[in-house]
Amino acid sequence: MPEYKQFPLADTAEGLTEADIIAWQVKPGDTVTVNQIVVEVETAKAAVELPIPWAGVVTELLVEPGQTVEVGAPILTIDVDPGGKAAPAPAAAPSAEEPAEEEMKPLVGYGSKAVVTQRRARKGAAPAAPVAAAPAPAAPAVTAAPAAASKPKGGYVPLAKPPVRKLAKDLGVDLHALTGTADGGVITRDDVQAAANGSAAPTAATVSSVDNGYDPATRERRVPIKGVRKATAAAMVQSAYTAPHVTEFLTVDVTPMMEFREKLKKSREFAGVKVTPLTFAAKAVCLAAKRTPDVNAVWDEAAQEIVYKDYVHLGIAAATPRGLVVPKVRDADSMSLKELAIALTELTDVAREGKTTPAAMLGGTITITNVGVFGVDTGTPIINPGESAILCLGAIKDTPWVVDGEIKVRKVLQLSLSFDHRVVDGQQGSEFLADVGALLADPAVAITY
């Protein structure tokens, strides 16, 4: 006879309590194997693909893309014995001291916590009814038929085209709370917009007045604050109001660096390697941090200590479709210029694809943010939590510059350094920024370090 199990949302990183369902990789009726990726979720730290620890046939998807789900809540039902060959014999449920052998172990975060799956209530959309959590995998296997399993919103699946579903997700509108006005009860864009604005769907009599008059509500859109954006905002607020920030600026003629870059691009050793100004900045930060270790330290409030790091885990702030992430180049100080170039290319490619893992964003010691790629001259960046300094690279521009008493057109870059004044004094911050500037102005200076 069939044997059904429910797959709960795992805690993909320590301390996470919820995640948003991005996309399913399977559908009811699909046969899956052990550790096959079945769903992509977005946590407060990154987008993560989750594998399933059982083989079998998917019988039901318990949540829809766009829903926010608490850790431990069931999201999928699977028949692990579709052939009915291993009908379980009647037996008492295993005790708490003797967990069943089938207990799911591969993923972290599973337990017996009572949880609910829900979507946050939005203006104009009725709150979704909670879905009772199924027993954790450690409990005996679920033997009820799929129809008896819990379904979100009472099993109702709203009718809406993919673009309309995406619009609803962007505006924070729960499709389950809407009644479609198109033929067959299909939900339209107008239905979603009306719900987002807290009004009824426009009728033929009201559409003309809206089009001919001024209705500010139709010129706005609301996006739920969640996932990476929510975590980034919380971290920046915490950093801004905890660490006393000081920002210093330095303008540098980097013409020699850009000329050296052209030489490297033509060399055999760097063939096929992408060397950017960020690569030189990464190397400069690592070298300068050795001379001014304060910028690579951190304030430990609980222990009332300053912790100095004898390694550089270099954070690179990267803009992605899901928001700002700061993955790390581990032990960047031990890498050659070529190794740094390769590592930075891989890091940024993964970040742009939205595949940066939560683990890749932990444990940084100092960060670089490059606003120059957007054509911006400079900025006053906020220190990444758990660090004491962040360097900002501006755009490299052709600028009139005095060289040996004459005005010439040079490649000029503006740098800014924000640092935690509890850890880094003005002298140390200035010395570090001057060292970075000197290395970028003339890479040959590195020989003197």
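Quick caveat: nothing in here was measured; it's all calculated off a predicted structure. In what follows, every heavy atom counts, from backbone to side chain, and hydrogens, waters and symmetry copies are set aside.
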Are [X] and [Y] within salt-bridge range, i.e. N to O under 4.0 Å?
X    : Y    : result
D349 : K355 : no
E60  : K27  : no
K411 : D253 : no
K290 : D333 : yes

Nearest heavy-atom neighbours spanning [X] and [Y]:
X    : Y    : result
V26  : V58  : CG2-CG2, 4.1 Å
D425 : F419 : O-CE1, 4.0 Å
L417 : G429 : CD2-O, 3.5 Å
W24  : V63  : NE1-O, 3.0 Å
T242 : P244 : O-CD, 3.6 Å
P224 : L171 : CD-C, 4.3 Å

Neighbour count >12 (heavy atoms, 6.0 Å) for atom NZ, K309: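 Yes, enclosed.
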N/O donor-acceptor pair under 3.5 Å between S416 side chain and F249 backbone: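 Between the backbone of F249 and the side chain of S416 there is no qualifying donor-acceptor contact (under 3.5 Å).
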Heavy-atom donor-acceptor pair, K328 side chain to V326 backbone, under 3.5 Å: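 Confirmed, K328 side chain pairs with V326 backbone.
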Does a side chain donor of either [X] or [Y] reach within less than 3.5 Å of an acceptor in the other side chain?
X    : Y    : result
S418 : T247 : yes
E387 : T367 : yes
S430 : E248 : yes

Anything under 3.5 Å between a donor and an acceptor, one on a side chain of residues 312-320, the other on a protein residue two or more places apart or in another chain? List them.
{"from": "H313", "atom 1": "ND1", "to": "D331", "atom 2": "N", "distance (Å)": "3.1"}
{"from": "T320", "atom 1": "OG1", "to": "R322", "atom 2": "N", "distance (Å)": "3.2"}
{"from": "T320", "atom 1": "OG1", "to": "G323", "atom 2": "N", "distance (Å)": "3.3"}
{"from": "T320", "atom 1": "OG1", "to": "G323", "atom 2": "O", "distance (Å)": "2.6"}

